[in-house]
Amino acid sequence: MFAVMICFWKNAIRQVNWVNGSVIDEDGFRHGVGIILVNAKRQVFLAKRTGKVAWQFPQGGIKNNESPEQAMYRELKEEIGLEADDVKMITITRRWLRYRLPKRLVRHYSKPICIGQKQKWFLLQITNPDAKINLLATDTPEFDSWAWVSYWYPLTQVVSFKRRVYSLAMKEFARIVLSKRFHNE
């Protein structure tokens, strides 16, 4: 499936393409969301990609006719089995954060070519004490292992091309998560 839509972006007309339900802008960036899930101990959820040694936060693409918030809740359910009622959305990054894929990962045969991701990041707090992480919530699990880790630890584990985006999102959210009032917010 391939569709084209013209939209307004910073006072300029931009072309947005949908490929297999995902949004790719005219610059080649796939629109997506990232999720930083934190518990009451200020630890963040980190998961290992299935069959790989790569660890990351839950993330995924925004589908046609889906808002970033809708995509975030869909990804939360698909990737780690949590429902909207299990979490509280605290905030979202002020701007879109982008990363480029390494050249070896760019699928040059795809049209339009996707050169990276452009993401809105969400800070969520797990609030349901009975909530259970379920990595098998879909037929094709993204992750095969997970852990609650200290706040800055993911920066040492994420693949290098995503590190800048992780750093930007985490620095923006640190003023909330690392504040003395966090558990009461």
Side-chain angles (χ1 to χ4, degrees), residues 1-37 44-81 89 92-124 135 137-146 154-173:
M1 179 182 133
F2 178 75
V4 176
M5 180 186 101
I6 303 296
C7 66
F8 291 94
W9 180 261
K10 292 187 180 180
N11 298 325
I13 295 178
R14 307 281 290 177
Q15 180 173 308
V16 176
N17 300 293
W18 283 283
V19 179
N20 296 326
S22 293
V23 179
I24 299 176
D25 67 22
E26 72 178 13
D27 296 324
F29 288 91
R30 178 178 174 228
H31 294 200
V33 296
I35 301 168
I36 297 178
L37 178 65
V44 292
F45 174 92
L46 194 64
K48 187 177 86 57
R49 303 250 331 177
T50 300
K52 300 185 186 322
V53 292
W55 288 76
Q56 69 176 52
F57 292 131
Q59 67 175 57
I62 297 173
K63 294 184 177 180
N64 186 6
N65 296 322
E66 192 175 50
S67 71
E69 185 174 340
Q70 290 168 327
M72 178 272 295
Y73 283 118
R74 178 181 48 75
E75 291 294 337
L76 186 71
K77 174 67 175 168
E78 289 175 5
E79 294 194 353
I80 62 175
M89 183 171 59
I92 183 173
T93 52
R94 291 184 298 267
R95 60 186 181 90
W96 291 90
L97 304 178
R98 298 202 238 197
Y99 67 81
R100 287 184 177 270
L101 293 168
K103 288 183 180 166
R104 64 182 165 73
L105 296 179
V106 174
R107 297 178 190 136
H108 293 282
Y109 53 85
S110 295
K111 299 295 178 205
I113 292 176
C114 175
I115 63 165
Q117 289 206 26
K118 172 179 168 178
Q119 300 168 317
K120 279 289 192 172
W121 280 82
F122 291 83
L123 176 62
L124 306 180
L135 302 182
T138 65
D139 294 335
T140 55
E142 289 276 331
F143 307 119
D144 59 20
S145 184
W146 67 275
L155 293 178
T156 68
Q157 299 302 306
V158 68
V159 294
S160 61
F161 63 91
K162 293 182 182 179
R163 196 164 291 137
R164 182 181 156 279
V165 164
Y166 273 49
S167 179
L168 291 169
M170 294 182 79
K171 283 178 183 176
E172 187 172 335
F173 296 159

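Every heavy atom of this structure was used, including side-chain atoms; hydrogens, water molecules and symmetry mates were not. Quantities reported herein were computed from a predicted structural model and do not represent experimental measurements.
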*Is it true that a side-chain atom of K48 and a backbone atom of K52 form a donor plus acceptor pair closer than 3.5 Å?*
yes

*Candidate list K77, E79, M72, test side chain to side chain contact (heavy atoms under 4.5 Å, CB included), partner E75, passing option*: E79

*Taking atom CD1 of I35 and atom CD of Q119, what is their separation to the nearest 0.5 Å?*
10.5 Å

*Given the rule in the side-chain contact (heavy atoms from CB on, under 4.5 Å) test, do I36 and M170 qualify, once you have shown the distances and angles that lead to the verdict?*
CA-CA 8 Å; I36 297 178; M170 294 182 79; 3.8 Å; yes

*asked:* I want to know whether W121 and F173 have ring centres closer than 6.0 Å.
replied: no

*Decide yes or no for E172 and I92: does some side-chain heavy atom of the first lie under 4.5 Å from some side-chain heavy atom of the second?*
no

_Closer than 3.5 angstrom, by distance alone: can the side chain of D25 be matched with the main-chain N or O of H31 as a donor-acceptor pair?_
no

*Which heavy atom of D144 sits nearest a heavy atom of G51, and at what distance?*
OD2-N, 3.0 Å

*Do you know which two heavy atoms are closest between A71 and G61, and how far apart they sit?*
CB-O, 4.2 Å

*If you look at every heavy atom in L155 and S167, which pair is closest and at what distance?*
CD2-N, 3.5 Å

*Say you draw a straight line from OH of Y166 to OG of S160; how long is it, rounded to the nearest 0.5 Å?*
12.5 Å

*Please find out if less than 6.0 Å separates the ring center of F45 from that of F57.*
no

_Criterion side-chain contact (heavy atoms from CB on, under 4.5 Å) on I62 and E69, from CA distance to verdict_ = CA-CA 9 Å; I62 297 173; E69 185 174 340; over 6 Å; no

_Donor-acceptor contact below 3.5 Å, side chain R100 vs main chain F161_ = no

*Can you name the nearest heavy-atom pair linking V106 to C114, along with the distance?*
CG1-O, 3.7 Å

*Taking all heavy atoms of T50 and all of P141, pick out the closest pair and write down the distance.*
OG1-O, 3.1 Å

*Measure across G81 and A137 and return the closest heavy-atom pair with its distance rounded to 0.1 Å.*
CA-CB, 3.8 Å

_Nearest 0.5 Å, please: how far is CH2 in W96 from NZ in K118?_
6.5 Å

*Side chain of T93, backbone of A169: donor and acceptor closer than 3.5 Å?*
no

*Could you tell me the separation between the CG atom of L37 and the CG atom of L123, rounded to the nearest 0.5 Å?*
8.5 Å

*asked:* So, taking the atom named CG in L97 and the one named NZ in K120, what distance separates them when rounded to the nearest 0.5 Å?
replied: 8.0 Å

_side-chain contact (heavy atoms from CB on, under 4.5 Å) for F122 and M89? Distances and angles first, verdict last._
CA-CA 7 Å; F122 291 83; M89 183 171 59; 3.3 Å; yes

_Pairwise distance CD(E78) to CG(L135) - rounded to 0.5 angstrom_ = 13.5 Å

_Would you say that V23 contacts R30 through its side chain, given a criterion of any heavy-atom pair below 4.5 Å between the two side chains?_
no

*Please examine the side chains of Q59 and K162, heavy atoms only from C-beta on, and report whether any two atoms are closer than 4.5 Å.*
yes

*Can I113 and R107 be said to form a side-chain contact (heavy atoms from CB on, under 4.5 Å), step by step?*
CA-CA 7 Å; I113 292 176; R107 297 178 190 136; over 6 Å; no

*Taking the side chain from D27 and the backbone from F29, do they hold a donor-acceptor pair closer than 3.5 Å?*
no

*Please tell me if the side chains of R163 and Y99 come closer than 4.5 Å, counting only heavy atoms from C-beta onward.*
no

